[in-house]
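Residue numbers run from 1 in the order of the sequence given.
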Amino acid sequence: SAKLFGRDPLVDGVKALEGVAGFVEGPRFYPYLSGRKNLRLLADYDEPNSSSRIEEVLETVELRDRAKDRVGGYSHGMRQRLGIAAALLREPRLLLLDEPATGLDPAGMRDMRDLIRRLAGDGITIMLSSHLLYEVEELCNRVAIIRKGSIVYEGELGDLLATATTSYRLKTRDPERARTICLNQPGLGNVALGGDEISFSADEDAVALLSLALGHARVAITQLVADTQSLEELFLGMTGGDSSDHDQEEVA
């Protein structure tokens with residue numbers, strides 16, 4: 001079940017969607033009409049006040065200079081931004097975006113992320129559905145992880161990332177001596193030597209004491225790197241590494 005601002009769509013019907021806008025996958029427009037005319041057509045179908053917001057929303061998504069051009073000549077990123085402009089005509093309090101960065105080049109992804117941050121900064125709640133976990137990690141402050149239709153985690157992204165385990169990789173001028181010191185150092189676990197690199201698990205306090213012990217033994221550290229589980233690794237752990245695109249998604 002779901003309620004939007006206290007309204008149940010099964011009870012209140014279309015009235016439940018007041019204050020809600022967005023798009024699923026790629027927005028669609030008439031390619032032979034300009035961006036401005038497409039928005040004007042959508043505004044005519046919508047609330048009386050929507051038409052007065054056309055220039056404002058074009059400015060928000062940085063398309064005002066191209067608003068007179070036919071949408072058929074727009075890049076994929078421009079069409080995605082025009083889709084957000086169309087959603088903003090309704091002055092939504094909740095904006096639903098499904099995979100808004102799919103198919104964009106790196107510059108387009110950056111622009112889309114910047115736009116989403118600006119909209120959130122203006123007080124709009126944004127629900128973003130994405131399989132791009134770095135995008136979720138960069139943009140969202142709350143996250144829900146869904147596996148086969150069931151929510152396996154929902155809460156603050158920071159709280160989820162705080163559960164991530166951290167391991168370390170150490171390189172020194174004398175790996176054999178360093179390994180011996182690590183094995184005798186309290187607070188270190190899973191110590192292993194692979195080639196010229198030592199791996200182990202520990203908390204920050206134990207790592208600080210290890211660096212002092214290595215310095216006291218005159219073992220020069222050339223590299224000490226922390227490897228913290230990423231959101232992707234946490235996600236795979238919660239979903240069992242399920243590879244089906246239809247069985248898993250992140251909604252934040």
Side-chain angles (χ1 to χ4, degrees), residues 2 22-27 76-77 80-81 83-84 94-121 124-171 187-207 223-252:
F23 62 80
V24 176
E25 295 181 350
H76 179 60
Q80 294 292 90
R81 284 187 280 142
I84 291 180
L94 172 63
L95 188 61
L96 307 176
L97 299 178
D98 179 44
E99 306 281 0
T102 298
L104 299 183
D105 61 21
M109 289 183 178
R110 178 202 59 203
D111 292 343
M112 180 60 69
R113 288 195 297 268
D114 289 344
L115 174 57
I116 291 172
R117 288 191 189 99
R118 283 192 282 115
L119 294 174
I124 299 175
T125 297
I126 298 175
M127 177 173 280
L128 172 75
S129 172
S130 178
H131 286 87
L132 303 176
L133 296 183
Y134 65 85
E135 181 179 69
V136 173
E137 197 162 357
E138 281 194 28
L139 289 174
C140 301
N141 51 28
R142 292 185 66 83
V143 62
I145 295 177
I146 301 172
R147 182 190 183 197
K148 297 184 177 180
S150 297
I151 294 177
V152 294
Y153 176 85
E154 191 278 324
E156 294 287 336
L157 177 60
D159 292 342
L160 176 59
L161 294 176
T163 67
T165 59
T166 301
S167 59
Y168 291 85
R169 292 180 287 115
L170 170 68
K171 285 188 177 182
L188 271 63
N190 304 313
V191 177
L193 176 61
D196 62 346
E197 186 174 271
I198 301 164
S199 61
F200 59 89
S201 58
D203 59 28
E204 288 186 356
D205 291 339
V207 173
Q223 190 176 95
L224 179 58
V225 179
D227 289 326
T228 303
Q229 280 182 299
S230 65
L231 179 59
E232 180 177 3
E233 290 169 322
L234 290 169
F235 167 79
L236 292 173
M238 290 182 175
T239 60
D242 209 341
S243 62
S244 170
D245 287 342
H246 298 291
D247 288 345
Q248 60 193 38
E249 66 178 350
E250 299 72 53
V251 180

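- For the atom pair OG1 of T102 and NE2 of H76, the computed distance is 7.0 Å after rounding to the nearest 0.5 Å.
- Side-chain contact between L161 and E137: present, with at least one pair of heavy atoms (C-beta onward) separated by less than 4.5 Å.
- Put simply, CD1 on I198 and CZ on R169 are 13.0 Å apart, with the number rounded to the nearest 0.5 Å.
- Residues forming a salt bridge (Lys or Arg N to Asp or Glu O under 4.0 Å) with R113 (at least two apart in sequence, or on another chain): E138.
- Residues passing the salt bridge (Lys or Arg N to Asp or Glu O under 4.0 Å) test with D114 are R117, sequence neighbours excluded.
- Residues forming a side chain to side chain contact (heavy atoms under 4.5 Å, CB included) with N190 (at least two apart in sequence, or on another chain): S201.
- Not counting sequence neighbours, the partners of F200 by the ring-ring contact (aromatic ring centres under 6.0 Å, His included) test are Y168.
- E135 meets the side-chain hydrogen bond (donor to acceptor under 3.5 Å, both in side chains) test with S130; sequence neighbours excluded.
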Distance-only donor-acceptor pairs under 3.5 Å for side chains of residues 228-237, two or more places apart:
unit_1 : atom_1 : unit_2 : atom_2 : d
T228   : OG1    : T166   : OG1    : 3.2
Q229   : OE1    : T165   : N      : 3.0
Q229   : OE1    : T165   : OG1    : 3.2
S230   : OG     : E232   : N      : 3.4
S230   : OG     : E233   : N      : 3.2
E233   : OE1    : S230   : N      : 2.8

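- Between E156 and N141, the closest heavy-atom pair is OE1-O, 2.9 Å.
- Summarising the geometry, atom CG belonging to D98 is positioned 11.5 Å from atom CE belonging to M127; distances are rounded to the nearest 0.5 Å.
- Residues L170 and L224 meet the side-chain proximity criterion, which asks for heavy atoms closer than 4.5 Å.
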Legend entry - Test log, rule side chain to side chain contact (heavy atoms under 4.5 Å, CB included), inputs M238 and L160: CA-CA 11 Å; M238 290 182 175; L160 176 59; 3.2 Å; yes

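- Applying the salt bridge (Lys or Arg N to Asp or Glu O under 4.0 Å) test to D105 and every residue at least two apart in sequence or in another chain returns nothing.
- Qualifying side-chain hydrogen bond (donor to acceptor under 3.5 Å, both in side chains) partners for D159, counting only residues two or more places apart in sequence or in other chains: none.
- For D196, the side chain to side chain contact (heavy atoms under 4.5 Å, CB included) partners are K171, not counting sequence neighbours.
- A pairwise comparison of heavy atoms in L104 and G77 identifies CD2-CA, 3.3 Å as the closest pair.
- Looking at I126 and L139, their side chains never come closer than 4.5 Å, going by heavy atoms from C-beta outward.
- For the residue pair D227 / S167, no side-chain donor-acceptor distance below 3.5 Å is found, with atom types taken as modelled.
- Nearest heavy atom pair, residue P100 against residue I116, reads CG-CD1, 4.1 Å.
- For E204, the CD atom counts as loosely surrounded, since its 6.0 Å shell holds 12 or fewer non-hydrogen atoms of other residues, nucleotides or ligands.
- Contact of the D111 side chain with the L115 side chain is not registered, since no non-hydrogen atoms from C-beta on lie closer than 4.5 Å.
- The minimum heavy-atom distance between P27 and Q80, with the atom names listed, is CD-OE1, 2.9 Å.
- R110 meets the salt bridge (Lys or Arg N to Asp or Glu O under 4.0 Å) test with no other residue; sequence neighbours excluded.
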